[in-house]
Amino acid sequence: MSSEYTEFEGILFYPFYSVKNLKFCQEEFMVKDTDVILVTYPKSGTHWVIEIVSLIRSKGDNTWVQSIPIWNRSPWIETDQGQLLLSKKEQNGPRFYSSHLPIQLFPKSYFHSKAKIIYIMRNPKDVVVSLYYFSKVAKFFHTAESFSQMFEKFTQGTVPFGSWFDHTCGWLSLREKENFLILTYEELLQDLWGNVEKICHFLGTKLTEEEINLVIKNASLSAMKANKMSNYSVVSDEFIDLSQGSVLRKGLS
Ligand code: PPS
């Protein structure tokens, strides 16, 4: 695998991303009115919310989350693998997929659709710490020589997916739309029950109290760390080196 980041429209991406797929995503990917899309800047709680939404869909039952890898349950639309998956299969019910793209590179078709977006924000101070540790584990992320080097790159926006500040400002411009739900990682930590209810309401799904309890239990950090389909232990060590740390790390604010 080449170690050079891919660059598209002035933004850096992981080396395994291609300009062809990024262009396809922006210009040709067809968002459907029934789609549910999770959008985040990296390290903001994407995997946690994929697990939560997956479990909401299965009413708390963990069979699905324990049998299908997390990146197939909610494919990343900007990757070739994600685009292939979404083109091949019709998921049961509305499609659910994820993206780290900044708003200006997002599929143009979204802006004329009724698709629902859940946007997760996290305190940038915790995002940069999480990125620093991730850069040691992910072979496709240029390892920072020191935390201050990572901090400098982060504040300059010379990290994959660009500036946190631009990403956040860009997406917050949609905050008044009724099909756009903003949550923060910190709110999820503080009141997971209330936020699972909020997500259910946004998706138009009704769960019983018992089912919400199951969602919360099965999406906990400890449950996800123990789930091979969510903890990246099945990913080739060409991409992830779990001897250097964990993708699901501390999970704190
Ligand atoms: S990625 O790889 O960019 O998509 O990363 P992302 O999933 O967005 O964010 C990773 C951070 O989320 C934490 N995490 C959780 N926190 C609380 N509860 C649960 N269940 C959970 N799952 C993931 C993960 O530990 C990363 O944060 P840090 O601060 O590194 O621990």
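Numbers for residues simply follow the sequence, beginning at 1. Just so you know, ligand 1 is whichever comes first in the structure, and atom 1 is the first atom listed for that ligand. Given the structure is predicted, the values throughout are model-derived calculations rather than measurements.
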Does the side chain of Pro102 come within less than 4.5 Å of His167's, by heavy atoms? yes
Using a heavy-atom cut-off of under 4.0 Å, does the side chain or the backbone of Ala219 touch ligand 1, or both, or neither? backbone
With a heavy-atom distance limit of 4.0 Å, tell me whether Ser220 approaches ligand 1 through its side chain, its backbone, both, or neither. backbone
Near Lys250 (heavy-atom distance under 4.0 Å), the atoms of ligand 1 are 25 (O), 31 (O)
Heavy-atom donor-acceptor pair, Ser109 side chain to Phe29 backbone, under 3.5 Å: yes
Do any heavy atoms of His100 fall under 4.0 Å from ligand 1? yes
Mind checking whether Phe134 has an N or O less than 3.5 Å away from an N or O of ligand 1? no
If hydrogens are left out, which of Trp48, Tyr185, Tyr132, Trp76 has an atom nearest to atom 12 (O) of ligand 1, that is, the closest non-hydrogen atom? Tyr185
Atom 8 (O) of ligand 1 [closest protein heavy-atom partner, distance rounded to 0.1 Å]: Thr46 OG1, 2.4 Å
Side chains of Ile37 and Phe106: does their closest heavy-atom pair fall under 4.5 Å? yes
Check for a donor-acceptor pair, side chain of Asn227 on one end and backbone N or O of Val65 on the other, with a separation under 3.5 Å. yes
Give the residue, atom name and distance (to 0.1 Å) of the protein heavy atom nearest atom 21 (C) of ligand 1. Leu221 CD1, 3.4 Å
Spacing of Gln81 atom CD and Asn21 atom CG [to the nearest 0.5 Å]: 11.0 Å
Please determine which of Phe8, Phe161, Trp76, Phe140 meets the ring pair (Phe, Tyr, Trp, His ring centres under 6.0 Å) test together with Tyr17. Phe161
Identify the protein heavy atom lying closest to atom 3 (O) of ligand 1, giving its residue, its atom name and the separation to 0.1 Å. Lys43 N, 2.9 Å
May I ask you to test the Leu183-Ile199 pair for a side-chain heavy-atom distance under 4.5 Å? yes
Contact region, Tyr133 to ligand 1, non-hydrogen atoms below 4.0 Å, reads neither
Using modelled atom types only, decide if a donor and an acceptor are shared between the side chain of Gln83 and the backbone of Ile77 within a distance under 3.5 Å. yes
So, does Ser98 use its side chain to make a donor-acceptor pair with the main chain of Pro75 at under 3.5 Å? no
Would you confirm whether Lys114, through its side chain, and Asn179, through its main-chain N or O, come within 3.5 Å as a donor-acceptor pair? no
Tell me, please: is Leu248 in heavy-atom contact with ligand 1, that is, under 4.0 Å? yes
Identity and distance of the protein heavy atom lying nearest atom 28 (P) of ligand 1: Ser130 OG, 3.5 Å
Using a plain distance cutoff, I'd like to know if Ser44 has any nitrogen or oxygen under 3.5 Å from a nitrogen or oxygen of ligand 1. yes
Specify the protein heavy atom at minimum distance from atom 25 (O) of ligand 1: its residue, its atom name, and the distance to 0.1 Å. Arg249 N, 2.9 Å
For atom 29 (O) of ligand 1, which of Arg122, Met224, His47 has the closest heavy atom? Arg122
Report, in ascending order of atom number, the atoms of ligand 1 lying under 4.0 Å from any heavy atom of Pro42. 3 (O)
